[in-house]
Amino acid sequence: MTLLTSLLLVAHVIGLALAVGAASVKLMLLFRCRKDRSFLPTYIAVARPVTRLIILGLVLLTLSGVGWLLLGREFTPLLIAKLVLVGVVWVLGPIIDNVAEPKFRQLAPQPGESASAAFLGAEQRYLLLETTATGLFYVIVVMWLLG
């Protein structure tokens with residue numbers, strides 16, 4: 001293994017830890033909000049910093065993956081499927097960050113208020129998107145381990 005491939009592997013593992021770890025944390029905190037509405041202000045305060053870690057991890061994953069492709073990594077059906085899923089995550093990310101999460105924040109009830117029907121709908125869509133993106137990260141990890 002050359003130094004460059006070793007560096008790419010380290011970058012990929014760090015990116016994986018950041019992206020999958022932060023996405024998992026964000027999703028678990030979102031589930032906590034659903035169970036305990038008093039946690040909502042805390043979630044809103046930490047969601048953006050956690051999202052930055054997800055993005056940093058995804059950038060590292062993508063750049064190191066591109067590095068391997070430039071070094072001549074063979075395109076296998078498994079790799080192509082993984083790249084498609086990574087593309088889906090890249091599409092879901094901006095939808096989550098620029099559409100679903102701002103709507104969730106905007107409609108969030110103040111402490112002591114009950115949740116409106118509009119908030120519950122926004123929360124459901126947001127939770128679905130976050131669950132899908134996080135699940136895709138795990139599928140991509142399994143595919144990476146297999147190939």
Could you please spell out the steps behind the side-chain contact (heavy atoms from CB on, under 4.5 Å) verdict for L127 and F31?
-> CA-CA 8 Å; L127 187 59; F31 277 120; 3.8 Å; yes
Could you go step by step and tell me if L71 and L8 meet the side-chain contact (heavy atoms from CB on, under 4.5 Å) rule?
-> CA-CA 10 Å; L71 289 177; L8 289 173; 3.6 Å; yes
Check against side-chain contact (heavy atoms from CB on, under 4.5 Å), V88 and T132 = CA-CA 10 Å; V88 171; T132 301; 6.0 Å; no
Show the numbers, then the answer: is there a side-chain contact (heavy atoms from CB on, under 4.5 Å) between L40 and F119?
-> CA-CA 12 Å; L40 203 53; F119 171 75; 4.0 Å; yes
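Residues V59 and L9 are members of one and the same hydrophobic cluster, defined by side-chain heavy-atom contacts under 4.5 angstrom among Ile, Leu, Val, Met, Phe, Trp and Tyr. By the rule that hydrophobic residues join a cluster once side-chain heavy atoms approach within less than 4.5 Å of another member, L60 and L3 end up as members of separate clusters. Using a 4.5 Å cut-off between side-chain heavy atoms of Ile, Leu, Val, Met, Phe, Trp and Tyr, with links allowed through other members, V10 and L70 fall into different hydrophobic clusters. Linking Ile, Leu, Val, Met, Phe, Trp and Tyr residues whenever their side-chain heavy atoms come within less than 4.5 Å places I95 and F104 in a single cluster. Under the 4.5 Å side-chain heavy-atom criterion for grouping Ile, Leu, Val, Met, Phe, Trp and Tyr, W90 is not connected to L128 through any hydrophobic cluster.
Of all heavy-atom pairs between M143 and A81, the closest is CE-CB, 3.4 Å. Considering all non-hydrogen atoms of both residues, E101 and A47 come closest at OE2-CB, 3.6 Å. Looking at every heavy atom in both residues, V89 comes nearest to I140 through CG2-CD1, 4.1 Å. Here the closest heavy-atom approach between residue A11 and residue S64 is recorded as CB-CB, 4.1 Å. When all heavy atoms of L61 and A19 are compared, the pair lying nearest together is CD1-CB, 4.0 Å. Minimum heavy-atom separation, P41 to P111: CG-CG, 4.2 Å.
Within the 3.5 Å criterion, the main-chain N or O of I44 finds a donor-acceptor partner in the side chain of R105. Proximity of a side-chain donor or acceptor of D36 to a complementary backbone N or O of R32 within less than 3.5 Å is not detected. Side-chain atoms of T134 do not come within 3.5 Å of backbone N or O of T131 as any donor-acceptor pair.
Put simply, CG on L58 and CG on L63 are 9.5 Å apart, with the number rounded to the nearest 0.5 Å. To the nearest 0.5 Å, the span separating CG on L146 from CG on L79 amounts to 12.5 Å. For the atom pair OH of Y138 and OG of S24, the computed distance is 2.5 Å after rounding to the nearest 0.5 Å. Distance CG/L27 to CG/L129: 11.5 Å, rounded to 0.5 Å. Annotation: the span from T5 atom OG1 to W68 atom CH2 amounts to 8.5 Å, rounded to 0.5 Å. With rounding to the nearest 0.5 Å, the separation of CG in D97 from CZ in R52 is 10.5 Å.
Partners of L29 by side-chain contact (heavy atoms from CB on, under 4.5 Å), not counting sequence neighbours, listed by chain and number: V25, F39, Y43, V46.
Exactly one of R37, K35, K103 qualifies for a salt bridge (charged side-chain N to carboxylate O under 4.0 Å, His left out) with E123. That residue is R37.
Taking a 6.0 Å sphere around CD of E74, one finds it holds 12 or fewer heavy atoms contributed by other residues, nucleotides or ligands.
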